[in-house]
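Report on one structure; see the data block that follows.
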Number of protein chains: 2
Amino acid sequence: MSTQTQRIKSALLKEISELQIDGSQKLPSERHLSERFGTTRVTLREALRLLEADGIIYRENRRGWFITPPRLHYDPSVHARISFMNYAQQQGFIPKSTLYQFKHIVADEFLAAVMNTVVGKPLYHICRIRYLDERPVLFENMMIRADLLKGLDNVDMTGSLHQKLRDDYGLIISRADFEMTVTTLPKEEATALNALEGAAALKFHRRYFNEDGTIFEFDIEFWRHDAITVAYEYNNNQPVRPF
Amino acid sequence: MSTQTQRIKSALLKEISELQIDGSQKLPSERHLSERFGTTRVTLREALRLLEADGIIYRENRRGWFITPPRLHYDPSVHARISFMNYAQQQGFIPKSTLYQFKHIVADEFLAAVMNTVVGKPLYHICRIRYLDERPVLFENMMIRADLLKGLDNVDMTGSLHQKLRDDYGLIISRADFEMTVTTLPKEEATALNALEGAAALKFHRRYFNEDGTIFEFDIEFWRHDAITVAYEYNNNQPVRPF
DNA sequence: CAGTGGTCTAGACCACGCA
DNA sequence: GCGTGGTCTAGACCACTGC
C-alpha cells in the first residue's frame with residue numbers, strides 16, 4: 001500500500017538503473033513519462049522531485065531531467081591544502097573553472113563583521129564557477145583583502161588562487177574555519193549553474209587566517225546539493241576521551 | 001517581474017517575521033492562506049515548499065506549517081568529546097533523548113564492510129530520537145560491537161553513551177571519520193520525526209576507532225535539514241601552506 | 001465531526017531550447 | 001516552429017488531527 005507518487009518513483013528508479021546501463025543520461029519528457037505511467041504531469045513531477053531531493057536525478061532549467069553523476073568527495077578543510085582542480089582530478093573527474101566576475105568592492109557591515117575589519121575596507125570580489133565533467137556544480141564567491149594582496153587583479157583567475165598566494169605573496173594559512181548550511185540557490189547562482197531558483201544547495205562559509213590571525217579571505221560557496229559527499233577525518237595525536 | 005509563487009513567498013516571509021514578533025509559531029491553514037493571496041492551494045504550497053527548502057518553515061505531518069526555530073551549531077567531530085545533551089544545553093536548547101529501539105543484530109555485508117569486520121559479527125543496534133525544545137530533529141542509529149562491549153543492553157540508553165563507554169569499559173577513542181550527504185528521510189525515520197517521507201535531510205555516517213584501530217561503533221544519523229548548521233575549525237599547529 | 005493537510009486529476013498558457 | 005519544462009487554475013477525495 002503506497003501512494004501513486006511512490007509507485008512512480010520506484011518504477012522510475014528501476015528505469016534509471018537500466019538507462020544508466022545504456023549510458024543514456026537524459027530522461028524522456030515529462031509528458032511521455034506521465035502518459036506511460038497513466039498519470040498527470042503534476043503527479044509525475046512530484047515523483048521526479050523526490051528523486052531529485054534524493055540526489056538520484058537533477059534538472060537543468062528548461063532542458064529536462066538527467067541522471068546524477070557520482071559525487072565528489074569533498075573535505076571542507078582541503079582548500080587549505082589542495083586546489084579544487086587537483087582533488088577533482090584525483091577522483092577521476094575532469095574539472096573546469098571559469099571566472100564569472102571580478103569586482104573591486106568595499107566591506108559592508110556584514111563583511112566587516114565576518115572578516116573582523118572595518119566597513120569600507122577595499123576587497124576583491126572574485127566569483128568563479130566550477131565544473132565537474134562539464135556539469136556546473138559550484139558557485140564560488142571569494143572576498144579577499146585588497147590591501148594585503150595588491151595586484152591580484154592582474155593574474156589568471158581560473159587556476160589555483162592559493163598557489164599564487166603562496167608563490168607570489170608568501171602567504172601562509174595558519175587557521176581556517178567554516179560553516180555549512182542546507183539552503184536554496186539564489187537567483188543569480190541558480191542561473192549560473194543552469195539550475196532553478198530555489199533548488200536545494202549546500203552553502204559554505206569559510207574564513208582563512210594568516211599567521212597574524214588576520215582574516216585575509218572569506219568565501220561563500222554554493223554547491224549543488226547532489227554534487228558532493230562531505231567527508232572528514234578526525235585524528236587526534238592524543239586519544240580522545242569520550243564525554 | 002517575477003512569478004506568482006515568488007511573490008507569495010516574499011509576502012509570507014514578511015508575515016512570518018511579524019508572526020515571530022507575536023511569538024506565534026504555526027502558520028494559518030493552507031486554504032486560508034491561498035484565499036488571502038488569491039491563488040490556489042497548489043501554488044501556495046509551492047511557495048511554502050520554497051520556504052521549507054530555505055529552512056524558514058517546516059511542516060509536521062498532517063499538523064501544519066511552523067516557523068523554524070534557530071539552528072543548532074553542530075561540530076561533527078564533537079560526539080567524540082561532548083555529549084549531545086551537553087552541547088545542546090550550552091547553546092540554550094532544552095535537549096531530550098528517547099530510546100526508539102534496541103536490537104541485537106549481526107553484521108550484514110554492508111555493515112561488515114564499513115566496520116571492517118566479518119559478516120555475522122554480533123552488534124547492538126540502538127536507535128534514539130533527539131529533540132531540541134520538544135522538536136524531534138535527529139534520528140540516530142548506532143551499531144556497536146557487542147563482543148567488545150558486553151552487557152551494554154542493561155544500561156540506560158537516554159544518557160551519554162560515550163560517557164558509559166569510558167567509565168564502565170575504559171574505552172578511548174583514538175580516531176573518528178565521517179561522511180555527510182544531503183538526501184531524504186526514509187519512511188520510518190520520517191514517521192519518527194513527525195516529518196514526511198521524502199523530506200530533505202542530512203545523513204551522517206560516522207565511525208569510531210579505538211586504540212587498536214578497531215571500529216567499535218558505526219553511526220548513521222538523519223538530521224532534519226533545517227535543524228543544524230555544521231561548523232568546523234581547522235587549526236593546525238604547524239601553519240598550512242596553500243596548495 | 002469539522003477542518004486540515006496529503007494526494008491526485010485534467011486541463012491551460014507561456015517562455016525557452018533545440019533543430 | 002514544434003515540443004519542452006515552468007507555472008497556474010479549479011476543482012476533488014481521503015485520512016488524519018484536534019476539539
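Per chain, numbering begins at 1; letters A, B, ... match sequence-line order.
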For residues 107-114 of chain A, run the donor-acceptor check on the side chains, cut-off 3.5 Å, and write out each pair with its distance to 0.1 Å, sequence neighbours left out.
from     : atom 1 : to       : atom 2 : distance (Å)
A:Asp108 : OD1    : A:Phe110 : N      : 3.2
A:Asp108 : OD1    : A:Leu111 : N      : 2.8

I need the full list of salt bridge (charged side-chain N to carboxylate O under 4.0 Å, His left out) pairs touching residues 85-94 of chain A, with sequence neighbours left out, sorted by first then second residue. none

Close approaches to DNA chain C from residues 32-54 of chain A, in residue order (heavy atom, under 4.0 Å): A:Thr39, A:Thr40, A:Arg41, A:Val42, A:Thr43

I'd like to know if the side chain of B:Glu179 reaches the main chain of A:Thr229, judged simply by a donor and an acceptor atom lying under 3.5 Å from each other, with no hydrogens or angles considered. no

Tell me the closest heavy-atom pair linking A:Gly198 and A:Thr184, and the distance in Å. O-CG2, 3.4 Å

Worked verdict on B:Leu12 versus B:Ile57 for side-chain contact (heavy atoms from CB on, under 4.5 Å): CA-CA 10 Å; B:Leu12 278 171; B:Ile57 60 176; over 6 Å; no

Step through it carefully: locate the ring centre of A:Phe102, locate the ring centre of A:His125, and say whether they are under 6.0 Å apart. no

Protein within reach of the bases, or only the backbone? For nucleotides 14-19 of chain C, mark each nucleotide 5' to 3' as B, S or -, using heavy atoms under 4.0 Å. -BSSS-

With heavy atoms of chain A within less than 4.0 Å as the criterion, where does contact along DNA chain D begin and end? D:dT4 to D:dT7

Listed once per pair and sorted, the salt bridge (charged side-chain N to carboxylate O under 4.0 Å, His left out) pairs that draw on residues 52-61 of chain A, sequence neighbours left out: A:Lys9-A:Asp54, A:Glu52-A:Arg59, A:Glu60-A:Arg63

Classify the ring geometry between B:Tyr87 and B:Tyr74 as parallel (under 30°), tilted (30 to 60°) or perpendicular (over 60°). tilted

Measure up the B:Trp223 and B:Phe84 rings against each other and bin them: parallel (under 30°), tilted (30 to 60°), perpendicular (over 60°). tilted

Using side-chain heavy atoms (C-beta onward) and a distance below 4.5 Å, is A:Glu15 in contact with A:Pro28? no

